[in-house]
There are 2 protein chains.
Amino acid sequence: MPEKRQYGQFCGLASAMEIVGERWTMLIIRELLIGPARFSDLTDNLPGVSPNMLADRLRFLTDQGIIAVDRVPGDARGKLYRLTPLGAELRPAVHGLARWGMSFLTDEDAARSTSRAAWGFLALQTMIDVGTPLAVDEEYEFRVADEVFSIAVHDGKATAQRGPAHQPALVIHADAETFIRIGAKLISPFEAVITGRIKAEGDLDAIQRCTQLLGLDQPRRAAA
Amino acid sequence: MPEKRQYGQFCGLASAMEIVGERWTMLIIRELLIGPARFSDLTDNLPGVSPNMLADRLRFLTDQGIIAVDRVPGDARGKLYRLTPLGAELRPAVHGLARWGMSFLTDEDAARSTSRAAWGFLALQTMIDVGTPLAVDEEYEFRVADEVFSIAVHDGKATAQRGPAHQPALVIHADAETFIRIGAKLISPFEAVITGRIKAEGDLDAIQRCTQLLGLDQPRRAAA
DNA sequence: CCGGATCCGTAACGATACTG
DNA sequence: CAGTATCGTTACGGATCCGG
């Protein structure tokens, strides 16, 4: 049994990378941050991962107390993987990385890669993390592919959640790829509406406020 | 020339992991977040890294616009690697990971691993990120191994910087390992003072306030 | 000495096939 | 559905060597 590779540094970052730094591990965490998932959900949403590695990773992360396994109520042999509280504490780090990585997405990536609505939801959350809070009290709803999520702005705080908004000032309909392209600032929300790539129910002012909340009115970072 | 491994997902996190997700890359970023460094500085502070991999990583990160190379003023053949603004934007993500990873550090790690004062400085910064701001106006100074850094609390905001404090309410002397052990909550600041592992100049109240600022009065996260 | 490049053994990963 | 078993490929780790 070969010994696991370690860094041998008494440092929080090195420690973190020994646990979640291997290939695919962060993406597995991402999937479980979206919600509990079965083995086959993970293989479906992580195209290219081999079952062998996925099993390795799940075993290791379980041993480390980062994920836990539940039985599926109705299914005797079904297992449901979920993050433990310890695992859920990776969310800020994952958001930070995802936000940073979005500026590397290109139009060619969009063409060659698969897109999922849930990844757009992740992007939305990372944008709220650093966005400018607004002095309004309203909600926005997003219908991306077959999933629905929303942003609620109350008391100067914006929060994202799955599911529909209560009385949305704005409802956006989009496919996953377009939604992520907007988050990556490859296309502006207004441009997407005009060209018909997304459909918006609500007035232009609401679109403007939502755009500002998410920092989408700021230019993309210039290349270094 | 083999094609680089990619995830093929149109997602910010996948994109980030394709760029900084390989082994050692994050630790190289960490070193450059501490400050610009030469090739040999990096090999010294990343024990176990092979020169060919370090050269590979530096080349790739340079191509991606994450690091840049300067000439050392006095040395014709010396090169100084530094982060670009794009690379420096990784700081929040690195802090998030480092903070999370600190709770995995153990006493056995401390014994087997190398410690550096700069990693303690990193830990300090991550603790400020989430600490409770205090309604005081004072500064704390830390002399760890042969390095000096400090925290300034003004207007309800705490900031960390290299170098000494102006009129420190507290000066802490410690070795790197002990300092990181305190950050990892393997030992409390008070316990460290009492057992003589660190030396504190300042009154107990100042220690108390600093401890609270850094969240060191909170218990370590329980195992999941 | 600094900043690498070359070579080779080992560990990790990827694809496919197969099983309780 | 939830994984193993097997095997070829890629990446990493360690040592050595090289040109300024």
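First the proteins, then the strands, lettered A, B, ... as listed; each starts at 1.
If one axis is set at each end of the helix from dC1(C)-dG20(D) to dG20(C)-dC1(D) from five pairs, those axes are 30° apart, to 10°.
At a cut-off of 3.5 Å, with distance as the only test, a side-chain donor of Gln9(A) or Arg30(B) sits close to an acceptor on the other residue. No side-chain N or O of Asp129(A) forms a donor-acceptor pair with one of Thr126(A) less than 3.5 Å apart. Side-chain polar atoms of Trp119(A) and Glu31(A) form a donor-acceptor pair below 3.5 angstrom. Side-chain contact, Asn52(B) with Ser50(B): a donor N or O sits under 3.5 Å from an acceptor N or O.
Considering only side-chain atoms of Ala55(B), the nucleotide from dA5(C), dC12(D), dA2(D) that sits closest is dA5(C). Proximity note for Ser50(B) (side chain, C-beta onward) versus dG13(D), dC12(D), dG4(C): the nearest is dG13(D). When distances are taken from the side chain of Met53(B) to each of dA2(D), dG13(D), dG4(C), the shortest belongs to dG13(D).
Ser40(B) comes within 4.0 angstrom of sugar-phosphate atoms only, judged by non-hydrogen atoms across all strands, and of no base.
Close to dG13(D), at under 4.0 Å from its OP1 or OP2, lies no side-chain N or O of Tyr7(A). Phosphate contact (OP1/OP2 of dG3(D), side-chain N/O of Arg57(A), threshold under 4.0 Å): absent. For Trp24(B), no side-chain nitrogen or oxygen approaches OP1 or OP2 of dA11(D) to under 4.0 Å. Of the side-chain N and O atoms in Arg5(A), none sit less than 4.0 angstrom from OP1 or OP2 of dT10(C).
A residue-by-residue look at Asp41(B) and Pro51(A) shows that Asp41(B) has its nearest nucleotide of DNA chain C further toward the 5' end. Taking the nucleotide of DNA chain D with the nearest heavy atom to each of Arg38(A) and Asp56(B), the more 5' of the two is matched to Arg38(A).
Atom CD of Gln6(A) and atom P of dC12(D) are 17 Å apart (whole Å). Distance CG (Leu54(A)) to C1' (dA2(D)): 10 Å, rounded to an integer number of Å. Atoms CG (Asn52(A)) and P (dC18(C)) sit 16 Å apart, rounded to a whole Å. Rounding to whole angstrom units, CD of residue Glu22(A) and C1' of dG14(C) are separated by 15 Å. The CZ-C1' distance, from Phe60(B) to dC12(D), rounds to 16 Å in whole Å. To the nearest angstrom, P of dA2(D) lies 13 Å from CD1 of Ile67(A). The CZ atom of Phe39(A) sits 17 Å away from the P atom of dG20(C) (whole-angstrom rounding). Atom-to-atom, CZ of Arg23(B) to P of dA11(C) comes out at 13 Å; the value is rounded to the nearest Å.
A cation-pi arrangement is absent between Arg112(A) and Phe10(B), since the terminal nitrogen or guanidinium carbon is not both under 6.0 Å from the aromatic centre and inside a 45° cone about the axis.
Residues Val72(A) and Arg38(A) have side chains in contact (heavy-atom distance under 4.5 Å, counting atoms from C-beta outward).
Aromatic ring pairs are classed by plane angle as parallel below 30°, tilted from 30° to 60° and perpendicular above 60°; the pair Tyr81(B) and Phe39(B) is tilted.
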Practice task
Evaluate the criterion ring-ring contact (aromatic ring centres under 6.0 Å, His included) for residue pair Tyr7(B) and Trp24(A); output intermediate values, then yes/no.
Solution key: CA-CA 9 Å; Tyr7(B) 288 113; Trp24(A) 289 111; 4.7 Å; yes

